[in-house]
Amino acid sequence: MTSGDERSRRQDSTGPDGDSGLAFLMGFFALGIVVQTAAWLWGHPLAATAALGAAAAVLLALRAALRRTALGPPVRRFLRPLWALVRAGVATRFTLARARAAASVTGRIEQWAQRPVRHETPEEPDASYTRRSLDHTLEAFEAATPTRFEDMCRELLERDGFIDAVRVGGAGDLGADVVAVDGLGRRVVLQCKRHSAPLGSEAVQRFNGTARPVHAAAVPVVVALNGFTEPAAAFATRQRLHLVDRERLARWGAGQHLYQVLDIDPGPGRHT
């Protein structure tokens, strides 16, 4: 046997089988590194995606470097599952990133849609007089309980010179919260609503059904801390009901007479 035959046998013994074993070990080792690194960095989306991208780059470089060598085919064969794993990991990270971005945008839209409506507080009118003890600010009206809100309206009637101002609100009041009599003997009936939203047409219609027939109101007035809806205001105009909305309540509380706020004639020889 010649020395050439011996060299050929040695090359055959370290040929494809030896190359396959080495490629298997390299692929297994690289797979373990990528899996461990991705698991360690999985809590941070950008870091995990960067690790998977770097692994993909290493695999591509290794494949290109061994393409024309004896290790090329076995390396490509054993790294194929690893390459599939890396691509799946990158796709998963981008899917999670899109889902988180969509959830964040959706959450912000829902928060914006459910935000509380803030009513602008009208500035209180300037007064050329010294504030009296029975004057009230919008802040005081907002801080009051419903019962206290009715009492504050009664106090303002007394301040304006109305006679026998009494709070009658409560169970079975049939829409009347405060009643009083003006200087001409006209009966004034107030319904006082401290709602967080504008008062609707249904409540105004109920008051209209009892103000004149039941309470004999000559001047029926609805006071609403946060104003009225457009249908409620239109109904009140048709039925000759007087409305005190937020802007008028600020003027009344600041010292203007109720009849001046509502543009009601106080009668001959009388001044508001």
Side-chain angles (χ1 to χ4, degrees), residues 125 127 129 132-138 140-142 144-195 198-272:
Y129 54 83
R132 293 164 290 185
S133 59
L134 291 180
D135 293 342
H136 298 299
T137 63
L138 280 176
F141 285 121
E142 290 174 340
T145 63
T147 300
R148 176 57 186 154
F149 184 71
E150 296 172 3
D151 273 326
M152 294 168 75
C153 293
R154 177 191 60 79
E155 292 170 358
L156 293 179
L157 289 177
E158 290 182 343
R159 181 205 66 187
D160 292 345
F162 288 87
I163 305 169
D164 298 331
V166 181
R167 187 184 71 82
V168 295
D173 59 21
L174 297 178
D177 294 322
V178 181
V179 297
V181 178
D182 67 10
L184 295 179
R186 294 177 294 190
R187 186 173 176 83
V188 181
V189 179
L190 269 62
Q191 185 179 64
C192 308
K193 293 296 185 182
R194 188 196 168 281
H195 290 184
L199 193 65
S201 178
E202 183 178 354
V204 177
Q205 292 179 31
R206 287 198 300 267
F207 177 67
N208 181 63
T210 60
R212 293 186 177 94
V214 177
H215 302 294
V219 184
V221 182
V222 184
V223 182
L225 176 61
N226 284 299
F228 303 86
T229 63
E230 291 184 5
F235 176 83
T237 299
R238 293 194 301 269
Q239 300 299 321
R240 295 179 294 110
L241 301 176
H242 301 282
L243 302 183
V244 177
D245 57 13
R246 190 175 179 85
E247 185 272 334
R248 287 179 170 179
L249 184 59
R251 290 164 52 196
W252 189 26
Q256 291 187 12
H257 193 282
L258 177 63
Y259 282 178
Q260 183 181 1
V261 171
L262 297 176
D263 197 21
I264 296 176
D265 184 5
R270 297 184 180 275
H271 302 282
T272 55

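In this text, all values refer to a predicted model and were calculated from it rather than measured experimentally. This chain uses plain numbering: 1 for the first residue, then up along the sequence.
At distances below 3.5 Å, not a single donor-acceptor pair connects side-chain atoms of Arg159 with backbone N or O atoms of Asp135. Side chain of Asp160 to backbone of Leu258: a donor-acceptor contact under 3.5 angstrom is found. Checked by atom type and distance alone, the side chain of Arg248 pairs as donor or acceptor with a backbone atom of Leu243 at under 3.5 Å. No side-chain donor-acceptor contact under 3.5 Å links Asp164 to the backbone of Ala180. No donor-acceptor pair under 3.5 Å is formed between the side chain of Arg246 and the backbone N or O of Ala224. Judged by distance alone, the side chain of His215 and the main-chain N or O of Leu174 form a donor-acceptor pair under 3.5 Å.
Distance check: Asn226 CG to Glu142 CD gives 7.0 Å after rounding to the nearest 0.5 Å. We find the CZ-CG distance between Phe228 and Leu199 to be 5.5 Å, quoted to the nearest 0.5 Å. A distance of 10.5 Å separates NE2 in His242 from OG1 in Thr237, rounded to the nearest 0.5 Å. Here the straight-line distance linking atom CD of Gln239 with atom CG of Asn208 works out to 4.5 Å at 0.5 Å rounding. Here the CE atom belonging to Met152 is positioned 13.0 Å from the CG atom belonging to Leu157, to the nearest 0.5 angstrom.
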Could you go step by step and tell me if Phe141 and Arg194 meet the side-chain contact (heavy atoms from CB on, under 4.5 Å) rule? CA-CA 8 Å; Phe141 285 121; Arg194 188 196 168 281; over 6 Å; no

What's the verdict on side-chain contact (heavy atoms from CB on, under 4.5 Å) for Val221 and Val189, showing C-alpha distance, side-chain angles and the deciding distance? CA-CA 6 Å; Val221 182; Val189 179; over 6 Å; no

Dump the intermediate steps for side-chain contact (heavy atoms from CB on, under 4.5 Å) on Leu241 and Val204, then the final yes or no. CA-CA 9 Å; Leu241 301 176; Val204 177; 3.7 Å; yes

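Considering all non-hydrogen atoms of both residues, Arg186 and Ala218 come closest at CB-CB, 3.9 Å. Across Arg212 and Ala217, no two heavy atoms sit closer than the pair CG-O, 3.5 Å. The heavy-atom pair separating Gly227 from Asp245 by the smallest distance is CA-CB, 3.9 Å. The minimum heavy-atom distance between Ala176 and Val168, with the atom names listed, is O-CG2, 3.5 Å. The shortest non-hydrogen separation linking Ser201 to Thr229 is N-OG1, 3.9 Å. Closest approach of Ala211 to Pro220, counting heavy atoms only: CB-CB, 3.9 Å.
Not counting sequence neighbours, the partners of Phe162 by the ring-ring contact (aromatic ring centres under 6.0 Å, His included) test are His257, Tyr259. Residues forming a salt bridge (Lys or Arg N to Asp or Glu O under 4.0 Å) with Asp151 (at least two apart in sequence, or on another chain): Arg154, Arg167.
Under a 4.0 Å N-O distance rule, the pair Arg148/Glu155 qualifies as a salt bridge.
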